Amino acid sequence: MKLLFVTQVMDKNDSVLGAYHGWVKALAGKIEHITVICLYEGEHDLPSNVRVYSLGKEKGSKTAFIYAFRFISLAYQLRGKYDRVFVHMNQEYLLIAGWLWKLLGKRMYLWRNHYSGSFLTDLAAAFCTKVFCTSKHSYTAKYTKTEFMPVGINESLFTSQGGEVRELRSILFLARIAPSKHLDVFIEALGLLIGKGVSFIASVYGSPLPGDAVYYESMKARAEALGLHSRVRFHTGIPNRETPAVYRAHEIFVNCSQSGMFDKTLFEAAASGCFVIAASDDFEQMAGSASGYDGTPQDLANRLDAALAGSMPTLMALASEQSLTRLVGTLAIAMEA
């Protein structure tokens, strides 16, 4: 199999998408040749059977039309180097080039895991042989051609074994800072814990995209207003490969994304020895009711209070089912069939 892997970023240092450098590296051991087309190319160290082509965002932003033209040109020029296409997350690439790949006889596959979608998602999926997602609440879960996949965390990187000391009564929030990640719910819950006299220390790791900078600043201001200045530490986003040490330094990990997103951080944290509390119904069904909350600050505060007051069970066995090894093996078989 010769695969075209289409993704936003190929940069192992990217704080949000750096993990997918590991996906390509692992897939390279299962696939004859991989051609990567990305919007932004940064630092990478990929095997010799992988070749990366960039649309050039790292050289400065261009218009959407220019990127689309470059993409369709590359897709055609490189047509002899691939027989299958895997589009990661962004349905737009299928909307731009799906017709071309159809004419060229290329089999197409879409990975899209998000609660939202539209007729454009349906149109993109119509080009595909199969669609992949991890959550039954994903918009793409409805298609008969959909296959459910492991989340795909690097089991050699995310482990509870390390030199870090886990800080007592510590809580971690790690995500790209955006309204959809509901940092506001986390901050409000911590404010309620202060009101109840609960002792804790919390860390927020993540950076916003330019459009969400105002939201991020408002969250820091709200933390100050709630008297959390000595309880919450804000840090910028860090590369995925640096996050295991951060997980291992905390006891509890909180994820406020709603059902349908099924963030990989849930399993990265669990594999690193954290107790995880999440708004995702998918995760609660796998991990048990103690790991779920109803999406409100009040319920999150109650779950955090209970976790801090009692023993926190390990979820590492749960994370092992979501390994990168399982993902790439399953993906390779699905695309070969």
Side-chain angles (χ1 to χ4, degrees), residues 16 19 113 115 134-137 150-155 157-162 164 166-177 180-183 185-190 193 198 200-206 232 235 238 240 243-324 326-327:
V16 177
N113 197 70
Y115 59 82
T134 64
S135 169
K136 68 179 183 181
H137 297 286
V151 169
I153 62 166
N154 189 332
E155 62 271 39
L157 184 63
F158 294 97
T159 168
S160 63
Q161 303 302 311
E164 300 77 19
R166 216 175 283 276
E167 191 170 5
L168 292 176
R169 306 183 71 79
S170 57
I171 308 168
L172 172 64
F173 182 100
L174 186 152
R176 174 175 57 84
I177 305 303
S180 64
K181 302 295 184 179
H182 296 293
L183 175 58
V185 174
F186 180 66
I187 296 298
E188 295 298 330
L190 297 184
L193 290 182
V198 176
F200 66 89
I201 191 74
S203 301
V204 175
Y205 278 81
V232 180
H235 305 268
I238 58 175
N240 183 253
T243 58
V246 174
Y247 290 128
R248 290 194 293 262
H250 293 82
E251 289 188 329
I252 301 172
F253 175 74
V254 173
N255 182 283
C256 300
S257 299
Q258 71 181 71
S259 300
M261 298 179 75
F262 217 22
D263 292 343
K264 62 182 176 57
T265 55
L266 293 164
F267 299 98
E268 292 174 349
S272 303
C274 294
F275 180 67
V276 179
I277 299 176
S280 167
D281 290 340
D282 296 282
F283 191 78
E284 182 178 356
Q285 289 166 11
M286 297 174 71
S289 59
S291 283
Y293 80 99
D294 67 6
T296 65
Q298 294 77 14
D299 196 36
L300 177 55
N302 291 338
R303 298 304 177 105
L304 284 168
D305 190 10
L308 290 165
S311 60
M312 291 173 268
T314 177
L315 300 172
M316 287 182 285
L318 182 69
S320 68
E321 296 298 310
Q322 304 295 324
S323 72
L324 182 57
R326 289 175 65 91
L327 170 65

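These figures come from a predicted structure and were not determined experimentally.
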Audit row: Asp263, Lys181, side chain to side chain contact (heavy atoms under 4.5 Å, CB included) steps and yes/no: CA-CA 10 Å; Asp263 292 343; Lys181 302 295 184 179; 3.4 Å; yes
Student check: side-chain heavy atoms of Phe275 and Ser291 closer than 4.5 Å: yes
Counterpart residues, ring pair (Phe, Tyr, Trp, His ring centres under 6.0 Å), relative to Tyr293 (two or more places apart): none
Heavy-atom pair with the smallest gap, counting every atom of Ser160 and Met316: OG-SD, 3.4 Å
Nearest-0.5 Å distance, CE of residue Met261 to OG1 of residue Thr134: 10.5 Å
Donor-acceptor contact present, side-chain Asn113 to main-chain Ser135, <3.5 Å: yes
Any side-chain heavy-atom pair of Val198 and Arg169 under 4.5 Å: yes
Minimum heavy-atom distance between Ala279 and Gly295, given as atom pair plus value: CB-CA, 4.5 Å
Min side-chain heavy-atom separation Ser180-Tyr115 under 4.5 Å: yes
Beyond-backbone contact of His250 with Ile171, side-chain heavy atoms, under 4.5 angstrom: no
Spatial distance of atom OG1 (Thr265) from atom CZ (Arg176) [nearest 0.5 Å]: 11.5 Å
All ring pair (Phe, Tyr, Trp, His ring centres under 6.0 Å) counterparts of Tyr205, not counting sequence neighbours: His235
Side chain Arg303, main chain Ser289, donor-acceptor under 3.5 Å: yes
Carboxylate-amine/guanidinium proximity below 4.0 Å for Asp281 and Lys136: no
Arg248 side-chain N/O to Gly273 backbone N/O, donor-acceptor pair under 3.5 Å: no
Any side-chain heavy-atom pair of Val246 and Ser203 under 4.5 Å: no
Nearest-0.5 Å distance, CD1 of residue Ile277 to CD1 of residue Ile252: 5.5 Å
Phe200 vs Leu304 side-chain heavy atoms within contact, under 4.5 Å: no
Taking every non-hydrogen atom, the tightest pair across Pro150 and Ser323: CB-O, 4.3 Å
Check: Arg166 side chain, Ala249 main-chain N or O, donor-acceptor pair, under 3.5 Å: no
Minimum heavy-atom distance Phe158-Ala271, with the two atoms named: O-CB, 3.5 Å
Straight-line distance of Cys274 SG to Met312 CE, nearest 0.5 Å: 9.5 Å
Closest approach of Met286 to Gln322 (non-hydrogen atoms, all atoms of both residues): CE-NE2, 3.4 Å
Side-chain donor or acceptor of Asn255 paired with backbone N/O of Leu266 under 3.5 Å: no
Side-chain (Asn302) to main-chain (Gln298) donor-acceptor, under 3.5 angstrom: yes
Sub-4.5 Å side-chain heavy-atom contact between Val204 and Ile177: yes
Value rounded to 0.5 Å, distance of OG in Ser272 from CD in Glu164: 9.0 Å
Which atom of Val276 lies closest to which atom of Ala270, heavy atoms considered: CG2-N, 3.9 Å
Expected output: side-chain Ser170 to main-chain Ile201 donor-acceptor under 3.5 Å: no
Check: Phe267 ring centre within less than 6.0 Å of Phe253 ring centre: no
Check: Asn240 and Leu157 side chains under 4.5 Å, non-hydrogen atoms: yes
